[in-house]
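A, B, ... follow the sequence lines: proteins, then strands. Residue 1 opens every chain. In this text, all values refer to a predicted model and were calculated from it rather than measured experimentally.
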Protein chains: 2
Amino acid sequence: MARLAGVSEATVSRVLNGVGPIKEETRQRVLEAAAALHYVPSAIAQQFARRRSGNLGIILPLLPKVNLFATHYFSELLSGIGATAKQEGYDLLLFFQGHDEPRHYDRLFQAQKIDACIILGAQDVPAEREALKELHAASRAFCLISQRYEDEPYNTVDADHASGVRAAVKHLLEKGYERIGLLNGPSVYSNSRDRLEGFRQALAEQQLAASDAPVLIGNYSRKSGYSHADQVAMLIRKGELDAIVAGSDRMAIGLLQGLKEHGLTAGIHYGLVGCDDSEGSRLTDPALTSLTVPFYEAGSEAAARLLTSASDEEAESGFQLKLPVQLVVRGSSAVRPL
Amino acid sequence: MARLAGVSEATVSRVLNGVGPIKEETRQRVLEAAAALHYVPSAIAQQFARRRSGNLGIILPLLPKVNLFATHYFSELLSGIGATAKQEGYDLLLFFQGHDEPRHYDRLFQAQKIDACIILGAQDVPAEREALKELHAASRAFCLISQRYEDEPYNTVDADHASGVRAAVKHLLEKGYERIGLLNGPSVYSNSRDRLEGFRQALAEQQLAASDAPVLIGNYSRKSGYSHADQVAMLIRKGELDAIVAGSDRMAIGLLQGLKEHGLTAGIHYGLVGCDDSEGSRLTDPALTSLTVPFYEAGSEAAARLLTSASDEEAESGFQLKLPVQLVVRGSSAVRPL
DNA sequence: GTGAAAGCGCTAACAC
DNA sequence: GTGTTAGCGCTTTCAC
């Protein structure tokens with residue numbers, strides 16, 4: 001105890017935490033003693049006494065081994081969260097959530113392991129809704145990223161996927177493509193629904209009938225894109241399709257590879273746009289036009305809103321952020337030769 | 001307090017922790033009461049009383065925004081660590097370490113935030129060595145992944161990069177390539193040194209002079225691979241090189257793209273092998289032959305060794321694991337046409 | 001087999 | 001401004 005070294009008692013606490021009025025001289029004495037003794041306060045005891053853990057929980061889906069969250073999506077998000085959390089004096093506590101496991105999110109709060117939490121990869125399924133409702137009922141500080149529940153007032157941070165897809169379709173039309181299709185992800189993710197909506201809006205704006213525009217559903221994986229190649233090749237050959245927007249870069253890349261086997265090259269025989277502007281978009285030949293999503297900012301915004309509101313005890317009004325998405329044009333959507 | 005519901009006192013603790021002899025009947029009573037009251041023990045208080053945090057710290061390098069740890073490397077590692085930690089009842093506490101920031105690793109132990117820790121992306125630089133020495137001096141349970149210090153007895157888990165590169169070189173020679181080069185990473189990483197060693201061994205085994213085999217040094221990024229393309233193209237044109245092993249898939253891919261601009265195609269004009277068997281290796285055209293590294297296993301092994309030894313108070317003997325690496329053959333190292 | 005009591009190392013009233 | 005005094009909610013000797 002540094003109190004021996006100095007002369008005081010709980011004053012040490014005040015000095016170290018910078019609370020209450022302290023005479024500069026004693027402050028110095030305490031600081032010196034602490035330094036001399038290499039004193040490091042026990043975080044465990046502090047947490048206990050303060051009844052707050054100082055931890056920001058992060059719940060992320062445990063995808064099957066390989067390609068877990070390779071998609072640079074989680075990487076960016078985590079970095080953004082981490083930077084802000086550090087700045088606010090919080091540590092990051094990670095929880096992998098198996099898809100089938102019971103979602104005991106609130107238990108993390110009850111156990112006081114975390115003071116706030118960010119949920120990644122939430123799905124629109126009953127078990128998830130239940131778990132979130134519980135959090136909300138208990139007034140927990142939590143936030144969803146990249147997933148919204150239209151009928152619930154939860155805090156969310158998302159990208160404006162609808163605008164993104166609108167921009168993509170507009171771009172393709174300007175490039176001379178005429179029959180645009182969509183390879184979307186499953187509707188348990190709100191961003192899939194957003195993309196569909198953006199797609200329809202874009203067609204409507206151009207007075208194009210959305211009803212006969214091809215919309216295929218995959219699962220966001222490269223494999224899924226690849227497996228749709230046969231069908232897409234047929235549509236292209238029949239003249240019913242000449243460009244496609246995919247809900248993820250991975251699906252786009254799989255599709256691109258599959259169509260190459262059909263002798264169809266992106267940017268020549270058809271136009272292709274992906275989503276996420278992942279590293280992979282730069283690896284294909286031709287490189288993939290994509291929509292860049294500010295994941296880092298999403299993470300840091302989410303953390304900032306949660307953590308600063310946690311310290312303020314003010315009535316926090318909740319938030320539903322929608323971050324802008326931007327088109328990055330590359331070879332896969334080059335001018336269409338007639 | 002569940003004690004009201006039941007009748008006992010500290011017995012609750014015993015029941016919930018399954019220690020000491022308990023009459024089955026009281027055990028049931030306590031359990032029922034706990035269930036009825038939705039009792040969840042405070043992790044914070046438990047940690048405090050037990051003087052252990054129950055956290056496994058993970059230190060990972062904070063790389064500049066984009067492509068942070070996209071490389072599936074960290075993803076796999078984290079998943080492996082997470083799975084084992086969960087199984088052992090530990091939570092994961094994440095710390096991003098800026099390259100320039102002071103490395104106060106031991107402070108995490110002093111503050112009792114963590115009971116053990118895994119360090120990813122450690123470099124062989126003085127500040128790092130200093131921080132690790134401090135951990136070792138204080139007998140902390142820690143482990144390095146993918147980095148060894150030859151002169152220090154630290155716990156490590158690594159892949160057998162030397163064998164991997166040997167296998168790669170052998171494979172290329174068998175395919176008919178004759179003048180193999182190496183595009184390596186910087187020697188602050190032990191795996192770079194390992195690869196160089198494996199490379200030299202392989203040449204020596206084949207009675208080839210290692211001295212005039214081209215060895216280039218990049219920094220593991222795609223950009224770095226790309227920027228070596230000019231030099232490599234020249235070597236190929238001069239007949240001084242016809243195949244190359246790159247220290248990472250990303251460098252290999254950058255090189256492949258750069259050489260394509262020189263009109264040189266992997267698998268036709270030259271042979272190419274990468275390292276890590278990342279997702280990107282399947283995206284290039286041709287697909288990239290690579291060395292598959294068991295990152296998931298590395299993570300889970302590291303966690304297992306640390307956490308089981310932490311509970312056993314036995315003399316833990318330390319460990320230096322070397323996991324096997326395997327060659328995955330794809331198009332970039334096809335038979336060389338003469 | 002179970003209760004009683006001490007205490008983990010801090011913070012936060014409350015006096016002085 | 002600073003010391004005194006209670007706990008925070010568990011675990012853990014030690015008796016019984």
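- Residue pairs meeting the side-chain hydrogen bond (donor to acceptor under 3.5 Å, both in side chains) criterion with at least one member in residues 125-135 of chain A, sequence neighbours excluded, are A:Arg103-A:Glu128, A:Tyr105-A:Glu128, A:Asp124-A:Arg129, A:Arg129-A:Asp151.
- Rounded to a whole Å, the CG atom of A:Asn17 is 16 Å from the C1' atom of D:dT2.
- In terms of phosphate contacts, A:Ser13 brings no side-chain nitrogen or oxygen within less than 4.0 Å of OP1 or OP2 of C:dA12.
- With hydrogens and angles ignored, a donor-acceptor pair under 3.5 angstrom links the side chain of B:Arg14 to the base of C:dG3.
- The residue among B:Lys23 and B:Gln112 whose nearest nucleotide of DNA chain C lies closer to the 5′ end is B:Lys23.
- In this structure, CD of B:Glu25 is placed 13 Å from C1' of C:dT2, rounded to the nearest angstrom.
- Look at A:Tyr39 and you won't find any side-chain N or O under 4.0 angstrom from OP1 or OP2 of C:dG9.
- In terms of phosphate contacts, B:Gln46 brings a side-chain nitrogen or oxygen within less than 4.0 Å of OP1 or OP2 of D:dT11.
- For B:Gln147 and B:Ser190, the side-chain atoms include at least one donor-acceptor pair closer than 3.5 Å.
- At a threshold of 4.0 Å, the pair B:Arg29-B:Glu32 does not count as salt-bridged, since none of the basic side-chain nitrogens sits closer than that to a carboxylate oxygen.
- Atom pair B:Gln47:CD and C:dC10:P shows a separation of 15 Å (rounding to whole Å applied).
- Rounded to an integer number of Å, the gap from CG of A:Leu37 to P of C:dG9 is 15 Å.
- Atom P of nucleotide C:dT11 and atom CG of A:Leu16 are separated by 8 Å, given to the nearest angstrom.
- In this structure, B:Leu94 and A:Ile58 have side chains that are not in contact, with every pair of non-hydrogen atoms separated by 4.5 Å or more.
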Which atoms of nucleotides 5-8 of chain D (N or O only) lie under 3.5 Å from a protein N or O atom, and what are those distances?
residue: D:dC8; atom: O4'; partner: A:Arg51; partner atom: NH1; Å: 3.1

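- Checking the phosphate oxygens (OP1, OP2) of C:dG3, a side-chain nitrogen or oxygen of B:Thr11 falls inside 4.0 Å.
- Distance CG/B:Leu56 to CG/B:Asp91: 9.5 Å, rounded to 0.5 Å.
- For B:Ile44 and C:dC10, the CD1 to C1' distance is 12 Å, given to the nearest whole Å.
- For the pair A:Ser42 and C:dC8, the criterion of a side-chain N or O lying under 4.0 Å from OP1 or OP2 is not met.
- With rounding to the nearest 0.5 Å, the separation of CG in A:Leu306 from CG in A:Asn155 is 6.5 Å.
- Counting only residues at least two apart or in different chains, side-chain hydrogen bond (donor to acceptor under 3.5 Å, both in side chains) contacts with residues 53-63 of chain A comprise A:Ser53-A:Asp115.
- Atom CZ of B:Arg29 and atom C1' of C:dG1 are 12 Å apart (whole Å).
- Atom pair A:Ile22:CD1 and D:dG3:P shows a separation of 10 Å (rounding to whole Å applied).
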